[in-house]
Amino acid sequence: MNFGLSTLPDVLIAPVGYLPFLSLARSFMADQLLRDRLNEQDAAPICSPNLSIFFPCVDHPDIMDVLRDKWKEEHKILKRSQRRKPEEIKRLFSRILIENIYPILQYPNLPEAEWGNEEKEQERLEAIQNIKTTPALDWFSDPEVCHKPFQIAELTFNLTSEHALTI
């Protein structure tokens, strides 16, 4: 997939496997900033689930692995004509983020990531596999799961956040 790699900056420090996704995210950001805003000077948070889901997951290689695997699986299903259309690619990316990545990011019992702690990493991988195989409604109704209240910040992207400044 070489969708829009020209949208990336000249210097970017990231794993090569992330580049297509970073390009798609920058495309979503450009759409939000250039098409959907009334005032170019406005720095109010953007209501964009795609941006608010994607940029926090870039910090977690295990979640990016889920994104990459699901992308490969879903991208194979697309027809060749659909693969050439940027809007179809964006729609697929958005659907994968909403259906697969958002539940992982919002899962209340997901262990925190700790670099170098193999026990924690294994525990986290098992939790992610459990989330992928369990329907979201099942863990929503699980009495052992302590849910956090919904916050609108989960679906908004702040232009002055650390993730916006790095991309």
Side-chain angles (χ1 to χ4, degrees), residues 1-37 40 43 45-107 110-116 120-122 124-136 153-167:
M1 175 186 69
N2 61 357
F3 174 79
L5 293 181
S6 62
T7 63
L8 295 174
D10 292 336
V11 177
L12 180 67
I13 300 173
V16 175
Y18 292 10
L19 296 182
F21 304 120
L22 290 169
S23 177
L24 281 166
R26 284 178 59 93
S27 177
F28 274 112
M29 188 183 299
D31 289 347
Q32 290 290 322
L33 293 174
L34 300 176
R35 291 187 197 165
D36 302 336
R37 303 211 54 151
E40 293 177 9
I46 300 170
C47 183
S48 175
N50 299 315
L51 296 175
S52 66
I53 294 169
F54 176 73
F55 287 112
C57 84
V58 171
D59 294 335
H60 303 285
D62 49 359
I63 297 176
M64 287 299 289
D65 289 343
V66 172
L67 174 63
R68 189 178 60 240
D69 293 344
K70 194 64 177 172
W71 176 262
K72 286 179 185 177
E73 181 182 312
E74 295 287 329
H75 196 259
K76 285 180 185 177
I77 298 171
L78 288 179
K79 297 177 186 172
R80 185 175 293 179
S81 62
Q82 291 174 316
R83 290 182 196 166
R84 293 187 188 129
K85 297 178 183 175
E87 292 306 317
E88 287 293 325
I89 297 293
K90 286 181 185 179
R91 191 174 299 120
L92 174 65
F93 183 65
S94 178
R95 188 170 53 83
I96 291 171
L97 285 174
I98 300 293
E99 292 177 2
N100 299 285
I101 303 305
Y102 182 74
I104 293 171
L105 287 175
Q106 297 306 317
Y107 188 68
L110 184 66
E112 288 292 322
E114 283 185 37
W115 287 101
K120 272 282 202 197
E121 288 178 16
Q122 186 62 34
R124 187 172 163 91
L125 284 174
E126 289 171 5
I128 289 173
Q129 288 300 324
N130 185 31
I131 296 166
K132 285 174 37 179
T133 58
T134 306
E154 294 175 15
L155 299 177
T156 59
F157 181 72
N158 190 346
L159 290 173
T160 59
S161 72
E162 65 183 72
H163 295 107
L165 299 175
T166 59
I167 207 74

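In what follows, residues are counted from 1 in the order of the sequence shown.
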### Message
Applying the side-chain contact (heavy atoms from CB on, under 4.5 Å) criterion to I128, which one of I63, D65, T133 satisfies it?
### Response
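Exactly one candidate clears the test, I63.
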Taking all non-hydrogen atoms of both residues into account, name the closest pair between [X] and [Y] and its distance.
X    : Y    : value
A25  : L51  : O-CD2, 3.4 Å
L110 : A127 : CD1-CB, 3.9 Å
M64  : C57  : CG-O, 3.3 Å

Kindly assign one of parallel, tilted or perpendicular to the pair F21 and W71, based on the angle between their ring planes and the thresholds 30° and 60°.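 If you compare the ring of F21 with that of W71, the planes turn out perpendicular.
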Notebook entry, point to check: Do the two ring centres, one from F93 and one from F54, sit under 6.0 Å apart?
Noted result: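 F93 vs F54: aromatic centres under 6.0 Å.
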Let me confirm one number: the [atom1]-[atom2] distance from [X] to [Y], rounded to the nearest 0.5 Å.
X    : Y    : atom1 : atom2 : result
I53  : I104 : CD1   : CD1   : 11.0 Å
F55  : L22  : CZ    : CG    : 7.0 Å
L125 : Q129 : CG    : CD    : 7.5 Å
I131 : Y107 : CD1   : OH    : 5.5 Å
L78  : K76  : CG    : NZ    : 12.5 Å

Can you list everything that forms a salt bridge (charged side-chain N to carboxylate O under 4.0 Å, His left out) with [X]? Sequence neighbours excluded, please.
X   : value
D69 : none
E88 : R91
E74 : K70, R95

Would you call [X] and [Y] a side-chain contact if the rule is heavy atoms closer than 4.5 Å?
X    : Y    : result
P49  : L97  : no
K120 : E112 : no
Q82  : K85  : no

Partners passing side chain to side chain donor-acceptor pair (under 3.5 Å) against E114 (at least two apart in sequence or in another chain) |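 Once residues adjacent in sequence are excluded, the partners of E114 under the side chain to side chain donor-acceptor pair (under 3.5 Å) criterion are N117.
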Test of understanding: with side chain to side chain donor-acceptor pair (under 3.5 Å), list the residues that count as partners of R124, not counting sequence neighbours.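 Partners of R124 by the side chain to side chain donor-acceptor pair (under 3.5 Å) criterion, ordered by chain and then number, come out as H60, D62.
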Check: Got a sec, which residues hit side-chain contact (heavy atoms from CB on, under 4.5 Å) with P61, two or more places apart in sequence or on another chain?
Finding: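 If we apply the side-chain contact (heavy atoms from CB on, under 4.5 Å) test to P61, skipping adjacent residues, the hits are Y18, W115.
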